[in-house]
**Student:** 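Just passing along the structure, written as structure tokens.
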2 protein chains.
Amino acid sequence: MTNADGAAPGGPIDVFARRPKRADARRNYEKLLAAAREAYAEAGVSASLEDIARRAGVGIGTLYRHFPTRQDLFESVYVDEVEALCRAADELAGLPPWAALAGWLRRFVSYAATKRAIAEALNHDSPVFATCRKAIGDAGQPLLRRAQDSGDARPDASFDDVLRLVGGVTMYPFADPAQLERVLTMALDGIRVRPAG
Amino acid sequence: MTNADGAAPGGPIDVFARRPKRADARRNYEKLLAAAREAYAEAGVSASLEDIARRAGVGIGTLYRHFPTRQDLFESVYVDEVEALCRAADELAGLPPWAALAGWLRRFVSYAATKRAIAEALNHDSPVFATCRKAIGDAGQPLLRRAQDSGDARPDASFDDVLRLVGGVTMYPFADPAQLERVLTMALDGIRVRPAG
DNA sequence: TTGCAAACGGAGGCAACCCTCCGTATGGTG
DNA sequence: CACCATACGGAGGGTTGCCTCCGTTTGCAA
């Protein structure tokens, strides 16, 4: 699923074709991505670009060369996250239907929890976001369908419904992990078909 | 529960003692609150103060006289919302346990939906927020307890758990009201005790 | 080693926002 | 009506962030 040459059609989301080739450029590119991830987690989408460059230890000019617009930087970070999420779906595919769905949704939560900022920007429409949403759907939908076919998940829930419910849960950080667990359980119970007896 | 003189102990949250007395001042005060509500809904907590003054049709100086800090303005708007929410709990008290709880939670959602900004700030600690959180608890807790006593709501859920679950649902606006309804139903189902057969 | 395309850093001009200060206007009371 | 405490508006100084531009540095291929 990961192929050596970064440009294979149908491979990872195509934004990656952009990754620079020269050694120093590439190094800075990665540093910027990491710094941005950090800054978004702390300050939300409105994190200052100059702060990001500072964190990365590069000049502001370098940031702009790699990511001409704020949106470009944001999208690149986002794409990374989405890829990880999609990979998780593959890994869970072997489990029984409900376990696979629940496991993936938990993963979804932990991804959304650290990256509040990501959710904030999901509205903005851009081809990249559209692609990513589709990628998430392709990864998660089969899990939901399977859980519905096996009678575990309620048949009237759409994939989007489920993401909204589960994604909302961790909109704000939980001080107590046990509470996250309780709330998440309630959410999953809301998705599950009620047992007959 | 609402008393004519604004300063009675145990009456509405005491921030309101601050409301100005002169007619023009009072008018501007209200215009600023309304403008801020609007701005927060559109731009989140980081809405520009100058924009708020502009919307209200008053000078920036006037804004600062009434609300010396950003926090002051924010809190005043917030307190208004919380009061409405508390009033709703009283009004619903006559219904059967589950209906009362579910009704209040729906109200809670609609309050949170328009005011994304409010949720954003729930973390910040300040005496006013603490008071408001307590007021919300005082209003809603009894509804939950009653629904738990009657066997409708799951006994292992804390009030805070419930608010998190339901509040998260509408973190992002729903284009389709029917979807909001579906998702909300799932959330409420997660809170409800599963019927025995 | 050498040469140059590619990449780097950050100064600087511009815009938005924050908040203070003060001269002007006005509601309400005597 | 006249007075003044109260309230008003917005100019202006300071800060921060955005983004462009260009002189300097560096990877790498020949």
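So that the names make sense, note that chain A is the first sequence line, chain B the second, and so on, each numbered from 1. Side chains included, hydrogens not; waters and symmetry mates left out as well; all remaining heavy atoms used.
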**Student:** What do the steps show when you test B:Val166 against B:Arg106 for side chain to side chain contact (heavy atoms under 4.5 Å, CB included), and what is the final call?
**Tutor:** CA-CA 8 Å; B:Val166 173; B:Arg106 279 165 194 282; over 6 Å; no
**Student:** Considering only NZ, NE, NH1 and NH2 on the basic side and carboxylate oxygens on the acidic side, decide whether B:Arg145 and B:Asp149 come within less than 4.0 Å.
**Tutor:**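 No, B:Arg145 and B:Asp149 are not salt-bridged.
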**Student:** Test for a donor-acceptor pair under 3.5 Å between the base of D:dA7 and the side chain of B:Arg22, counting only N and O atoms.
**Tutor:**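 Check fails, no donor-acceptor contact within cut-off.
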**Student:** Classify the nucleic acid contact of A:Leu49 as base, sugar-phosphate or nothing, counting any heavy atom under 4.0 Å across all strands shown.
**Tutor:**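 Contact class for A:Leu49: sugar-phosphate only.
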**Student:** How many whole angstroms separate atom CG of A:Asp24 from atom P of D:dG27?
**Tutor:**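 After rounding, the gap between these two atoms is 5 Å.
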**Student:** Could you tell me the separation between the CZ atom of B:Arg54 and the C1' atom of D:dC8, rounded to a whole number of Å?
**Tutor:**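 In whole Å, D:dC8 C1' and B:Arg54 CZ are 18 Å from each other.
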**Student:** Looking at D:dT16, I'd like to know if its phosphate oxygens (OP1 or OP2) sit under 4.0 Å from a side-chain N or O belonging to A:Ser48.
**Tutor:**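 Looking at the OP1 and OP2 atoms of D:dT16, neither is under 4.0 Å from any side-chain N or O of A:Ser48.
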**Student:** Walk me through whether A:Asp152 and A:Ser150 qualify under side-chain hydrogen bond (donor to acceptor under 3.5 Å, both in side chains).
**Tutor:** CA-CA 6 Å; A:Asp152 289 308; A:Ser150 70; 2.8 Å; yes
**Student:** Counting heavy atoms from C-beta on, name the nucleotide in C:dG9, C:dC18, D:dG27 closest to the side chain of B:Arg70.
**Tutor:**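 Output: C:dC18.
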**Student:** Is it true that atom CZ of A:Arg107 has more than 12 heavy atoms of other residues, nucleotides or ligands lying nearer than 6.0 Å?
**Tutor:**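 Atom CZ in A:Arg107 is not crowded, with 12 or fewer foreign heavy atoms closer than 6.0 Å.
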**Student:** Let me spell it out: for each of B:Arg65 and B:Ala47, pick the nucleotide of DNA chain C with the closest heavy atom. Which residue's pick is nearer the 5' end?
**Tutor:**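 Counting from the 5' end, the first nearest nucleotide belongs to B:Ala47.
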**Student:** Within the 4.0 Å heavy-atom criterion, would you say B:Asp51 contacts the bases, only the backbone, or no part of the nucleic acid?
**Tutor:**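 It contacts nothing in the nucleic acid.
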**Student:** Starting at atom CD of A:Gln71, determine the distance to atom C1' of D:dC19, rounded to an integer number of angstrom.
**Tutor:**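 Value for this atom pair: 17 Å.
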**Student:** In this structure, is the centre-to-centre distance between the rings of A:Phe67 and A:Phe74 below 6.0 Å?
**Tutor:**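 A:Phe74 vs A:Phe67: aromatic centres not under 6.0 Å.
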**Student:** Rounded to whole Å, please give me the gap between CD in A:Glu50 and P in D:dT15.
**Tutor:**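 Rounded to the whole Å, the gap is 16 Å.
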**Student:** Is the phosphate of D:dG9, meaning OP1 or OP2, less than 4.0 Å from a side-chain N or O of B:Thr62?
**Tutor:**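 Yes, because at least one side-chain N or O of B:Thr62 sits under 4.0 Å from OP1 or OP2 of D:dG9.
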**Student:** Mind calculating the distance between CG (A:Asp72) and C1' (D:dC18) to the nearest angstrom?
**Tutor:**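 In whole Å, D:dC18 C1' lies 15 Å from A:Asp72 CG.
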**Student:** Whether B:Asn28 contacts D:dA7 is assessed here as follows: a side-chain N or O lying under 4.0 Å from the phosphate OP1 or OP2. Is that the case?
**Tutor:**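 It does not, given that no N or O in the side chain of B:Asn28 lies less than 4.0 Å from OP1 or OP2 of D:dA7.
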**Student:** Check the phosphate of C:dC8 against A:His66, side-chain N and O only, distance under 4.0 Å to OP1 or OP2. Yes or no?
**Tutor:**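 A:His66 to C:dC8 OP1/OP2: side-chain N or O found under 4.0 Å.
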**Student:** To the nearest angstrom, how far is A:Leu63 atom CG from C:dA7 atom P?
**Tutor:**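 Spelled out: CG on A:Leu63 to P on C:dA7 is 15 Å.
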**Student:** A:Ala25 or B:Arg27: which one's nearest nucleotide on DNA chain C is closer to the 5' end?
**Tutor:**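 Nearest nucleotide further toward 5': that of A:Ala25.
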**Student:** Counting side-chain heavy atoms from C-beta on, which of D:dT20, C:dC8, D:dG27 comes nearest to A:Ile60?
**Tutor:**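 The answer is D:dT20, which lies nearest to the side chain.
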**Student:** A:Tyr64 OH to D:dC19 C1': how many Å, rounded?
**Tutor:**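 So the two atoms are 5 Å apart, to the nearest Å.
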**Student:** CZ of B:Arg26 versus C1' of C:dT26: gap in Å, rounded?
**Tutor:**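 Taking atom C1' of C:dT26 as the reference, CZ of B:Arg26 is at 18 Å.
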